[in-house]
Enquirer: 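Okay, here's the structure, questions in a sec.
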Amino acid sequence: MEVTNKLVKGGEFIIKETDAQDVFTPADFSEEQNMMHQTALDFVEKEVQPLLERLDNHEEGLMRGLMEKAGELGLFGVSIPEQYGGLDMDFTTSLRVTEGVGGGHSFPVAFAAHTGIAMLPILYFGNEEQKAKYLPGLTSGELMGAYCLTEPGSGSDALGAKTKAIPTEDGEHYVLNGQKMWITNGGFADVFIVFAQVDGDKFTGFIVERNTPGLSLGNEEHKMGIKGSSTRQVFLSDVKVPKSAVLGEIGKGHLIAFNILNIGRIKLAAACLGATKMASTLSVKYANERVQFKLPISKFGAIKHKLAQQAVRIYAVESAIYRAGMDIARMEQELLAKGQSHNEALLGAAREFAVECAILKVEGSEVLDYVVDEGVQVYGGYGFSADYPMDRAYRDSRINRIFEGTNEINRMLAVDMILKKAMKGELDLMGPAQAVQQELMAIPDFNLEEETGLFAAEKKTIQKLKKAILMVAGTAVQKYMNSLAKEQEVLMNIADMAIKVYTAESVLLRVEKEAATKGEEALSVQADIARVYLADAVDQVQKFGKDAIASMTEGDEQRLMAMGLKRFTKADLYNAKDARRRIADVLIAANEYAF
Ligand SMILES: Cc1cc2nc3c(=O)[nH]c(=O)nc-3n(C[C@H](O)[C@H](O)[C@H](O)COP(=O)(O)OP(=O)(O)OC[C@H]3O[C@@H](n4cnc5c(N)ncnc54)[C@H](O)[C@@H]3O)c2cc1C
């Protein structure tokens, strides 16, 4: 397989190999990136954590007050240009700050709604007048934002929104009527980004101010988790806004909604990452304190397995998040150098890596759910008690698989986007897929060459896993052609294979790169982490592949593909038990998440 240079294309990981020296890893964070992360962590620890109970009880003004403090600290302005009061920092720094606030339960939800889906539409699609009017206040925290896309009848099918915007006869105003559902920050926002259909079917964004007559709010929703975040319905009854409130172009609202979501998805993964580290630390500390059968429960293999597996999945998804984050930042620089504006460049870069953003949204949210679920188990009965912290962590985690596009929608989107890129000629998927088909017919290459170097064998495994994806995806395209979209189960199988392979490759590349500077000995436990993740990924890829092959083929073709899958998912048995014990021992000695 070809080795790429630094600037990679989105989705390309399926057909190409990456050189470890070309990936960005957390060891590459700048001092400034770490400092901003620490500021966010300190804010959560000192300002948010003490208020969790009161926030969950919706004490009047409390969340807004916290948000204002975060704004004063500069946390809202990380990626906002200086002319609007921001710090104009790079994309990786904004991910790092998002990770930093991620352990703040409901706070990161309010934070993400404000800094992401509310502010970014104005930054990227607003005209100069709109930016000058709203961005300084939204950046400093004087103004709060909310984003109104979802309606009672349209969630995943966001473009099916029914809210109407009718132009007045003189063309100077629009009158909005409709109902928006599940609006985060609804209770205290001053500025609402509202999507509505102009002339029936021209989906369009508007900026609507809170005090506009006709805009009213429902009661706070009673939610399973993130109870401290404000979630309300927004009713629009003859809300008259000037035409200057139109955001972007009439009929182009989908560009706002979808482009902002790409950035939102990788940021959601970063926020989940922050929450996972907190939950891992809680689990480790509790396991060290809790004594049963005269021993701290952290001495038991079953608990070590849990603590280690939490860390394996956290470290792996972290590797993938910052790898993709830097790929986006590099592409942004490339587009800037080609003469694109700052706004076009970041949006274009995020669009290029939309596949990775969708993958990370799914993996980030599912790792968090896994970590808190095992966290509850480590706590035993106390995990089920509302007086202990794992209860809130467990409940607050669950929403992440639902918003910013459900994980089902993101899985299908990831595959759909890869195939679209292939169809547009941006990604040569069919060439490598055909090569894999030919390889299936050929006599296996037993490859008896001696492998050398850290992860030499593991890298071969990754190459083969990619062939498994190509084999399954290629067959699906050939079989179903234009009706592939209806074969959702197969699409989900392919997405799951891609998610596991992208993450496994990312963690291997990270450890390889870091070991090259710090030495293999210093990274030996991280190498354990990478190998454990890979061993699990191989089994999962095999399972998803089997599922797809069994549903798509029969007879000789099925036998051939089953054999191919076996060949592409063949890996030596690995003693993951001992590796997990070594990983757990590091956590237990540090008494916290330690990687
Ligand atoms: C706490 C909270 C805060 C939120 N904040 C905001 C906000 O600030 N602004 C905003 O605009 N929205 C917000 N949302 C809405 C959120 O984005 C939607 O709930 C989400 O997009 C899913 O839509 P839905 O709830 O209508 O579910 P549905 O779309 O009805 O989905 C139900 C199930 O069907 C599946 N499904 C749907 N379509 C398909 C398909 N084509 N193929 C296969 N499966 C499918 C879904 O994956 C899901 O499992 C929030 C939601 C919650 C719960």
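Values reported hereafter were calculated over all heavy atoms of this structure, with side chains retained and with hydrogens, waters and symmetry mates removed. When a residue number appears, it is its place in the shown sequence, counting from 1. Each ligand, and each atom within it, is numbered from 1 in the order the structure gives.
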Enquirer: Who gets closest to atom 43 (C) of ligand 1 by heavy atom: Gln488, Arg232, Glu151, Met492?
Expert: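 Residue with the shortest heavy-atom distance to the ligand atom: Gln488.
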Enquirer: Measure Lys180 to ligand 1 on non-hydrogen atoms and call it side chain, backbone, both or neither using the 4.0 Å cut-off.
Expert: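 Neither; nothing of Lys180 gets under 4.0 Å from ligand 1.
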Enquirer: Salt-bridged, Glu53 to Arg392, with N to O below 4.0 Å?
Expert: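 A salt bridge is present here (some side-chain N lies under 4.0 Å from a carboxylate O).
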Enquirer: Heavy-atom distance to atom 28 (P) of ligand 1: which of Ser154, Gly155, Ser156 wins?
Expert: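 Comparing heavy atoms across Ser154, Gly155, Ser156, the nearest one to atom 28 (P) of ligand 1 lies in Ser156.
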Enquirer: State the atoms of ligand 1, each with its element, that fall below the 4.0 Å cut-off from a heavy-atom position in Thr406.
Expert: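 With Thr406 as reference, the close atoms of ligand 1 come out as 22 (C), 46 (C), 47 (O).
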Enquirer: For atom 3 (C) of ligand 1, what's the nearest protein heavy-atom neighbour? Residue, atom name and distance, please.
Expert: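 Heavy-atom neighbour on the protein nearest atom 3 (C) of ligand 1: Thr184 OG1, 3.3 Å.
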Enquirer: With a heavy-atom distance limit of 4.0 Å, tell me whether Asn407 approaches ligand 1 through its side chain, its backbone, both, or neither.
Expert: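 Neither; nothing of Asn407 gets under 4.0 Å from ligand 1.
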Enquirer: Please determine if Lys420 and Glu426 form a salt bridge, counting it only when a charged side-chain N lies under 4.0 Å from a carboxylate O.
Expert: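 The answer is no: the pair does not qualify as a salt bridge.
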Enquirer: Side chain or backbone, does Thr231 bring an N or O within less than 3.5 Å of an N or O on ligand 1?
Expert: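 No, since none of the N or O atoms of Thr231 sits under 3.5 Å from an N or O of ligand 1.
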Enquirer: Starting from atom 9 (N) of ligand 1, what is the nearest protein heavy atom, named by residue and atom, and what distance separates them?
Expert: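 The protein heavy atom lying closest is Tyr147 O, 2.8 Å.
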Enquirer: For Phe76 and Thr139, which heavy atoms make the closest approach, and how far apart are they?
Expert: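 The answer is CB-O, 3.4 Å.
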Enquirer: Verify side chain to side chain donor-acceptor pair (under 3.5 Å) between Ser283 and Glu374, making sure each step is shown before the conclusion.
Expert: CA-CA 8 Å; Ser283 306; Glu374 286 293 59; over 6 Å; no
Enquirer: For Ile409, take its heavy atoms, then give the atoms of ligand 1 lying under 4.0 Å from any of them.
Expert: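 Reading through ligand 1 atom by atom, the close ones are 38 (N), 39 (C), 40 (C).
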Enquirer: In this structure, which one of Asn400, Thr406, Asn407 forms a side-chain hydrogen bond (donor to acceptor under 3.5 Å, both in side chains) with Ser365?
Expert: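 The option that passes is Asn407.
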Enquirer: Kindly state each residue pair satisfying ring-ring contact (aromatic ring centres under 6.0 Å, His included) with at least one member in residues 130-160, sequence neighbours excluded.
Expert: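 Residue pairs passing ring-ring contact (aromatic ring centres under 6.0 Å, His included), neighbours aside: Tyr147-Phe195.
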Enquirer: Is a salt bridge present between Glu99 and Lys277, judged by a nitrogen-to-oxygen distance below 4.0 Å?
Expert: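 Lys277 and Glu99: salt-bridged.
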Enquirer: Check each of Ile183, Thr150, Ile399, Ile402 against atom 12 (N) of ligand 1 and report the one with the nearest heavy atom.
Expert: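 Closest candidate by heavy-atom distance is Thr150.
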